[in-house]
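Letters A, B, ... are given to chains in the order of the sequence lines, protein chains preceding strands, and every chain is numbered from 1. Worth saying up front: this structure is predicted, and the values here are computed from it rather than measured. When reading the values below, keep in mind they use all heavy atoms of this one structure, side chains included, and skip hydrogens, waters and symmetry mates.
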Amino acid sequence: MLDIRKLQKRYPNGFLALADFSLSVKQGEILAIVGGSGCGKSTLLRLIAGLDQPTAGSILLDGTTVLAPRPEIGVVFQEPRLMPWLTISKNVAFGIRHLPIEEQNQRVERVLERVGLATLSQRWPKELSGGQAQRVALARALVGQPEVLLLDEPYSALDALTRHDLQEHLLKLWVDQRPTLILVTHDIEEALFLADRIVVLQPQPGRVKSSFPVYLEHPRQRQDSLFLEWRSKLLAELNQAAQAHEKSTLSA
Amino acid sequence: MNQESSLPTTPPDKQSQWSGGKETIESPNRWKKTGETWLIGLLLPVTLTLGWEIAVVQGWSSDRLLPTVSTILNTLWDLVQSGELPTHIANTLQRVFLGFVFGTLTGTVLGSLSGYWPLVRQLLDPTLQALRSIPSIAWVPMFILWFGIFETSKVVLIAVGVFFPIYLSLSDALRSVDRKLVEVGQSFRFQHHELILRILLPATLPTYLVSLRTGLGLGWMFVVAAEFMGAEYGLGYLLIDGQQTGRPAVILGAIVIFALLGKLTDWLVALLAGCWLSWQDGFQTGENHA
């Protein structure tokens, strides 16, 4: 259980990225956080990951405050961020370096198998396609069997086909250990395809505008009438958030 | 029904085809290509040597001022037979090697520290930068005073020459390592030494290896200065000896040996570098450095 309480983040230059941000995420839930650019999505994820400190409020994971990166929390960044000097399998082993070498090898082998890249384990990152590299990044985050997996627009740099492919793939992987997934995205379709619940953010300062559960059966179909209905509803919600922001800046 | 979600996921065997093609296409031509590169590299020195030889044989230039290649080779051969040259070479190589090792070690340690911790950098850098601008020869009298006339002072002088390029480029390169990669390490709770050893140093390896070559080059410069200060053996000594006994062939012979050894050791380091950098994905990487 992840509990975010009255979180605030103000950067040293005075910019208020998040204000009064509260949110609870259940164990095993797939949560999508959507919002336009500059509404503090990535800031929020960095705070949950422990890579940055809030200026006020707190983040609790199973009752203890997150102050620094923790083994129970895995992160997949927007870019694969693989170490170019390590082979694929060594890149994946990065996350479990404290384990005995034999267990490392076993786990790496297993996770690469699961992401469908077992044959590429001895290759260099430069030899991979964008989608493959992002899968390796996912494998690296999963190999430590985290309780919470944070994904920061992980597929935004990929082409539509690969993106759809990887979204389905993510759901298949999730079934295995059912970690809590927190996915930050600006892609409404991605959020609708994956999430149990969608939180829409409002910009400047970033805060929750609305939050609603998605009652659609898996596997979801992108062309389904209900899916499309949800999509336009969500789009309207996002537009409203953006307009509210414009209005407030105009009146100010 | 929906088309996208019914698309099959890519089978693993197909994925391996995407990335494997490059090396297999190149390998049949590789040796031929290496041969060509060597030929191109040799073209200039061979032409110059022949032109020189012809100039002296034709009487356009005097053998006394500018001994021909054959004269130099003969002189060197005599030195080899008398056993002098191998001793000189062994002495010089040993000094360069020791100086290189000590210079590299200190340069690497101090460069890493000052590249990683701003405080260490603020503390060390101004002093080191000031020391760097002192010409090497200026140290010679003090080093003799401090470390004696024998090997220590020479090795220290060479180490000083090797130290600076390595220290400078390592500490600069560390500070410009991609923050995003460092963040990955932080998210896995890396300690300082792990960040340095597992992310920062490998990321700076390409720059570091170039600085090793620069350092080695300076090592070869400084060994001459070192051997000018009263050595009994060594190529620098041979140079001085040739000067004092008025034998230009000996001087040029020593210079030729310096050039050969310098090139050879640089080539070895570059070769080593090539092995370590096979992961690199840059413009013209994989081009050999010979």
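Residue contact with chain A, scored on non-hydrogen atoms closer than 4.5 Å, involves the backbone and the side chain of B:Ile199 alike. With a threshold of 4.5 angstrom between heavy atoms, A:Arg70 approaches chain B through N, CA, C or O but not through any side-chain atom. Heavy atoms closer than 4.5 Å to chain B are found in the side chain of A:Phe77, but not in its backbone. Only the backbone of A:Leu82 comes within less than 4.5 Å of a heavy atom in chain B; its side chain stays farther off. For A:Pro125, no part sits under 4.5 Å from any heavy atom of chain B, backbone or side chain. Residue A:Gln167 does not touch chain B at all, counting heavy-atom pairs closer than 4.5 Å.
Listed by chain and residue number, A:Ile101 satisfy the side chain to side chain contact (heavy atoms under 4.5 Å, CB included) test with A:Asn105 (two or more places apart in sequence, or in another chain).
If you tally non-hydrogen atom pairs under 4.5 Å between each of A:Pro71, A:Ala68, A:Gly74, A:Gly131 and chain B, the highest count goes to A:Pro71. Across A:Met83, A:Arg97, A:Arg46, the residue that shares the most heavy-atom pairs under 4.5 angstrom with chain B is A:Arg97.
In this structure, a donor-acceptor pair under 3.5 Å is absent between the side chains of B:Asp125 and B:Ser114. Looking at A:Thr185 and A:Tyr155, their side chains never bring a donor and an acceptor atom within 3.5 Å of each other. A donor and an acceptor atom, one from each side chain of B:Arg132 and B:Gln129, are located under 3.5 Å apart.
Between B:Tyr167 and B:Phe163, the ring planes are parallel. Angles under 30° get that label, and only those over 60° would be called perpendicular.
Checked against B:Ser112 for a side-chain contact (heavy atoms from CB on, under 4.5 Å), the options B:Val109, B:Thr108, B:Leu110 give a single hit: B:Thr108.
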